[in-house]
*Asks:* 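Let me begin by handing over the structure; questions about it come next.
Heavy-atom basis, side chains included; hydrogens, waters and symmetry copies ignored.
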Amino acid sequence: MTVLYLTEPGTKVHYKNQTFTIKKNQTYTCRLSELELVVILPGVQLTDVVISILLDQGIEAIFLRQDGQFRGRLQGSFPPNPLIRLAQYRTIETSFGLGFAKKFAYGKIRNQRALLQIKNRATKGKITQLSESIDTMNVYQLQLKNTITLLDQNELMGIEGISARSYYQALTYFFPSHWQFTGRNRRPPKDPINALLSWGYGVLLARIFAVCVKAGLDPYLGFLHSIQPYRPNLVLDLMEEFRPVLVDYAVISLIQSQVLDIADFQPSPDGEGIWLGITAKKLLLRELEERLNQPLLYPAQNRKLKLNQIFLEQSRMLARCLLESSLDYEPFFIK
């Protein structure tokens, strides 16, 4: 199945004979039968017929802002399961819900640490700060895994925040110094690496949002990020374990392949941040898609699945746990 990314302003999309025709400077076609998802950036025009076809065929259409942040999605009719949503509403702000929050935080820290260990093994442990970050994160990982005392949401967010700072400081060792990455910053990102990370997290959020809805969950009521207004809190919860697995891995791979240059980025219109240029955007999307379509072992079912399928299975697992009042949800781990 195909994911269609419409990234260039001025692009027009038409429909005829089971085929989308995409026109800009050149003309491309995409068969409807092959299409799974459409990702749309500002400045792209869809005809009313195209919108109708997307809704009628149930093809996911996701809209991103120019900086890669999630803007919204086109939602046709779908068969929701009220029992799942009722179970989710009853679990919010309960000790049972905090159990899920702890698992989301644990999954994120464990996968971030696993990614750092790749660099640590390659450098044979000679980078002291990298080794120290791995040790620090291990302390918090074990605290989440072994503690019997119930941690409240603020304590969980505190552990997640401290581990994240340690992780992003250690992540600097994956990138050559001329990229000037010194840690995580956003809103707006101040350097090219942070611009890539922010864009990638936007794409990940859009994909997780789609599988949440498909699994019957309410994307806005979370457990770790709880019920903060105007944010898809459950999507933010579920994507935590996948940030290092998909986005961080893809950005590292892209930079290490040396196909990008500083000139592929540009200042944001207000001059306060960095945006991806057309080439950087296309290369990042290609890298993310390759990673999404790479089969990985999914331990919960003891078989290989594409990462995008694993997103859906994890959402379904959470829905089952809510229905059954079970804390058997297990984050997806990389080694």
Side-chain angles (χ1 to χ4, degrees), residues 1 36-37 58-62 70 72-108 110-111 144-145 150 153 156-157 160 201 203-243 245-246 292 295-334:
M1 299 299 282
E36 177 186 27
L37 171 69
I59 297 171
E60 189 79 24
I62 292 170
F70 179 67
R73 57 195 289 273
L74 201 59
Q75 174 69 66
S77 61
F78 67 104
N81 185 340
L83 297 178
I84 294 175
R85 295 212 172 194
L86 279 173
Q88 184 180 352
Y89 299 153
R90 289 174 181 141
T91 307
I92 299 294
E93 296 188 318
T94 66
S95 56
F96 181 55
L98 284 173
F100 289 115
K102 189 167 79 168
K103 295 210 173 193
F104 294 136
Y106 174 68
K108 178 182 183 180
R110 178 168 163 173
N111 280 338
L144 289 175
K145 183 179 181 182
L150 188 65
Q153 192 208 9
L156 289 170
M157 291 298 285
E160 187 272 336
Y201 294 149
V203 173
L204 174 61
L205 187 149
R207 303 297 284 263
I208 298 290
F209 197 113
V211 297
C212 270
V213 174
K214 195 174 286 187
L217 297 161
D218 184 330
Y220 290 94
L221 291 177
F223 302 100
L224 179 60
H225 293 85
S226 194
I227 52 173
Q228 295 186 41
Y230 315 120
R231 301 200 317 175
N233 296 295
L234 184 65
V235 178
L236 294 170
D237 285 356
L238 277 167
M239 65 186 278
E240 293 291 24
E241 65 201 60
F242 294 109
R243 288 178 189 262
V245 177
L246 173 66
L292 283 165
L296 298 171
L297 179 63
Y298 183 50
Q301 297 177 4
N302 195 28
R303 59 175 178 148
K304 285 192 172 183
L305 293 177
K306 294 178 181 177
L307 196 47
N308 200 35
Q309 295 172 306
I310 294 174
F311 293 168
L312 179 58
E313 292 304 320
Q314 288 295 96
S315 298
R316 286 174 170 164
M317 184 196 301
L318 177 61
R320 281 195 303 274
C321 287
L322 289 169
L323 280 175
E324 297 168 1
S325 299
S326 162
L327 263 180
D328 287 342
Y329 178 86
E330 289 296 332
F332 173 71
F333 297 126
I334 54 172

*Asks:* May I ask you to decide if the ring planes of Tyr220 and Phe209 are parallel, tilted or perpendicular, using 30° and 60° as cut-offs?
*Replies:* perpendicular
*Asks:* Can you list the steps and then say if Leu246 with Arg207 is a side chain to side chain contact (heavy atoms under 4.5 Å, CB included)?
*Replies:* CA-CA 11 Å; Leu246 173 66; Arg207 303 297 284 263; over 6 Å; no
*Asks:* Give, for atom CZ of Phe70 and atom CG of Leu204, the distance between the pair rounded to the nearest 0.5 Å.
*Replies:*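 That separation rounds to 12.0 Å.
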*Asks:* Does the ring centre of Tyr329 sit less than 6.0 Å away from the ring centre of Phe104?
*Replies:* yes
*Asks:* So, does Asp237 use its side chain to make a donor-acceptor pair with the main chain of Phe223 at under 3.5 Å?
*Replies:*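 Confirmed, Asp237 side chain pairs with Phe223 backbone.
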*Asks:* Could you go step by step and tell me if Asn302 and Leu297 meet the side chain to side chain contact (heavy atoms under 4.5 Å, CB included) rule?
*Replies:* CA-CA 7 Å; Asn302 195 28; Leu297 179 63; 4.3 Å; yes
*Asks:* Do the non-hydrogen side-chain atoms of Leu224 and Leu98 ever get within less than 4.5 Å of each other?
*Replies:* no
*Asks:* Going from NZ on Lys306 to CZ on Phe311, what distance comes out if it is rounded to the nearest 0.5 angstrom?
*Replies:* 13.0 Å
*Asks:* Indicate yes or no: at least one non-hydrogen side-chain atom of Ile310 is less than 4.5 angstrom from one of Val245.
*Replies:*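 Contact flag for Ile310/Val245 side chains = no.
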*Asks:* Hey, does the side chain of Asp218 reach the backbone of Arg85 with a donor-acceptor pair shorter than 3.5 angstrom?
*Replies:* no
*Asks:* Just how far is it from atom CZ of Phe100 to atom CG of Leu238, taken to the nearest 0.5 Å?
*Replies:*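 Here the rounded value is 10.5 Å.
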*Asks:* Under 4.5 Å between any side-chain heavy atoms of Tyr298 and Gln309, yes or no?
*Replies:*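 Not in contact.
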*Asks:* To the nearest 0.5 Å, tell me how far Gln153 CD sits from His225 NE2.
*Replies:*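 One finds 9.0 Å between CD of Gln153 and NE2 of His225.
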*Asks:* Are any of the side-chain heavy atoms of Glu60 and Lys214 separated by less than 4.5 Å?
*Replies:* no
*Asks:* Side chain to side chain contact (heavy atoms under 4.5 Å, CB included) with Pro219: which of Leu205, Val235, Ile208?
*Replies:* Val235
*Asks:* Taking all non-hydrogen atoms of both residues into account, name the closest pair between Ala300 and Met317 and its distance.
*Replies:* CB-CE, 3.8 Å
*Asks:* Could you tell me which non-hydrogen atom of Phe332 sits nearest to which non-hydrogen atom of Glu241, and how far apart they are?
*Replies:* N-OE2, 2.9 Å
*Asks:* Could you give the distance from NZ (Lys108) to CE (Met239), rounded to the nearest 0.5 Å?
*Replies:* 8.5 Å
*Asks:* Working to the nearest 0.5 Å, report the span between CG of Leu144 and NZ of Lys103.
*Replies:* 12.0 Å
*Asks:* If every non-hydrogen atom of Cys212 is compared with every non-hydrogen atom of Ser315, which pair is closest and at what distance?
*Replies:*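 So the minimum-distance heavy-atom pair works out to N-OG, 4.1 Å.
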*Asks:* Of all heavy-atom pairs between Asn111 and Phe333, which one has the smallest distance, and what is that distance?
*Replies:*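 Closest approach of Asn111 to Phe333, heavy atoms only: OD1-CA, 3.3 Å.
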*Asks:* Between Gln88 and Leu318, is any pair of side-chain heavy atoms under 4.5 Å apart?
*Replies:*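 Gln88 does not reach Leu318 side chain to side chain.
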*Asks:* Looking at Leu323 and Ile84, what are the two nearest heavy atoms and their distance?
*Replies:*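 Scanning both residues completely, I find the closest heavy atoms to be CD1-CG1, 3.7 Å.
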*Asks:* State, without any angle test, whether Tyr106 and Glu330 hold a side-chain donor-acceptor pair at a distance under 3.5 Å.
*Replies:*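 There is no such pair (donor and acceptor under 3.5 Å, judged by atom type) between the side chains of Tyr106 and Glu330.
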